[in-house]
Amino acid sequence: MPRYQATLLIELKEGILDPQGRAVEGVLKGLGHPVEEVRVGKVLEVVFQAENLLQAEEKAKAMGKLLANPVMEVFTLEALKELS
C-alpha cells in the first residue's frame, strides 16, 4: 500500500488571544525586528498508508479535524505527497 506524508498546519482562529505569539513578538521587537504581529501555530508531519491520493487526502483532513480544537483553532492541509 502506498505511503503518504501530510503536512498539517493548526492555527488559532482570528480573534483568539495568542500569548505565545505576543511573547515572540516582544522578543523580536526587542532585538530590533519591527514586526507588526506574530501568531504561533503547530505544524504536524504525518506519515500514513492509503490506497490512493484521494483516500490519503480524506484521511489527512480527518486527522486535521481530530487534532484541531474546533472552538479555538483551524487546520489547513498544507501539503500531501506520496513517499517512495
Side-chain angles (χ1 to χ4, degrees):
M1 187 176 302
R3 294 172 61 233
Y4 293 87
Q5 178 177 318
T7 303
L8 300 168
L9 174 61
I10 298 176
E11 301 174 286
L12 290 171
K13 287 183 176 181
E14 200 63 37
I16 300 291
L17 294 178
D18 183 359
Q20 190 175 7
R22 293 276 174 131
V24 172
E25 180 182 324
V27 169
L28 289 173
K29 285 179 178 179
L31 293 171
H33 299 281
V35 297
E36 290 184 24
E37 181 182 19
V38 176
R39 304 281 290 174
V40 174
K42 298 176 267 192
V43 176
L44 294 92
E45 298 284 344
V46 184
V47 176
F48 58 96
Q49 294 182 346
E51 293 289 333
N52 54 50
L53 184 61
L54 181 60
Q55 185 187 59
E57 183 177 359
E58 290 172 357
K59 283 185 168 188
K61 287 179 178 178
M63 287 185 265
K65 287 179 184 176
L66 288 171
L67 294 169
N69 176 344
V71 174
M72 299 178 14
E73 299 172 320
V74 294
F75 85 92
T76 306
L77 176 57
E78 286 289 305
L80 179 63
K81 66 180 178 181
E82 186 173 354
L83 301 175
S84 41

Please assess M63 against F48 for the test side chain to side chain contact (heavy atoms under 4.5 Å, CB included), listing each intermediate value before the final yes or no.
CA-CA 11 Å; M63 287 185 265; F48 58 96; 3.6 Å; yes

Output for pair (I10 CD1, F75 CZ), nearest 0.5 Å, gives 8.5 Å

Residue pairs meeting side-chain hydrogen bond (donor to acceptor under 3.5 Å, both in side chains), one or both in residues 75-84, sequence neighbours left out, come to none

- Co-membership, hydrophobic cluster, residues L44 and V74, 4.5 Å side-chain: no

So the side-chain hydrogen bond (donor to acceptor under 3.5 Å, both in side chains) pairs with at least one residue in residues 17-30 (sequence neighbours excluded) are E25-K29

Residues at least two apart in sequence or cross-chain that pass side-chain contact (heavy atoms from CB on, under 4.5 Å) with L28, listed by chain then number, are V24, H33, V35, V38

Connected to V47, directly or through other members, by ILVMFWY side-chain contacts below 4.5 Å are L83

Pair up each side-chain donor or acceptor in residues 52-61 with any protein partner under 3.5 Å, not counting sequence neighbours, and list the distances.
unit_1: N52; atom_1: OD1; unit_2: L54; atom_2: N; d: 3.1
unit_1: N52; atom_1: OD1; unit_2: Q55; atom_2: N; d: 2.8
unit_1: Q55; atom_1: OE1; unit_2: E51; atom_2: N; d: 2.4
unit_1: E57; atom_1: OE2; unit_2: K61; atom_2: NZ; d: 3.1
unit_1: K59; atom_1: NZ; unit_2: Q49; atom_2: O; d: 2.9

Connected to V71, directly or through other members, by ILVMFWY side-chain contacts below 4.5 Å are L12, I16, M72

Note: with side-chain heavy atoms under 4.5 Å as the link, the other cluster members for L9 come out as V43

Contacts satisfying side-chain hydrogen bond (donor to acceptor under 3.5 Å, both in side chains) that involve residues 2-15 (not counting sequence neighbours) are Q5-E45, T7-E45

Between A6 and L77 the two heavy atoms that sit nearest each other are CB-CD1, 4.0 Å

With sequence neighbours left out, the residues meeting salt bridge (Lys or Arg N to Asp or Glu O under 4.0 Å) with K42 are E73

Apart from L31 itself, members of its ILVMFWY cluster (side-chain separation under 4.5 Å) are V27

More than 12 heavy atoms of other residues, nucleotides or ligands under 6.0 Å from CG of L66: yes or no?
yes

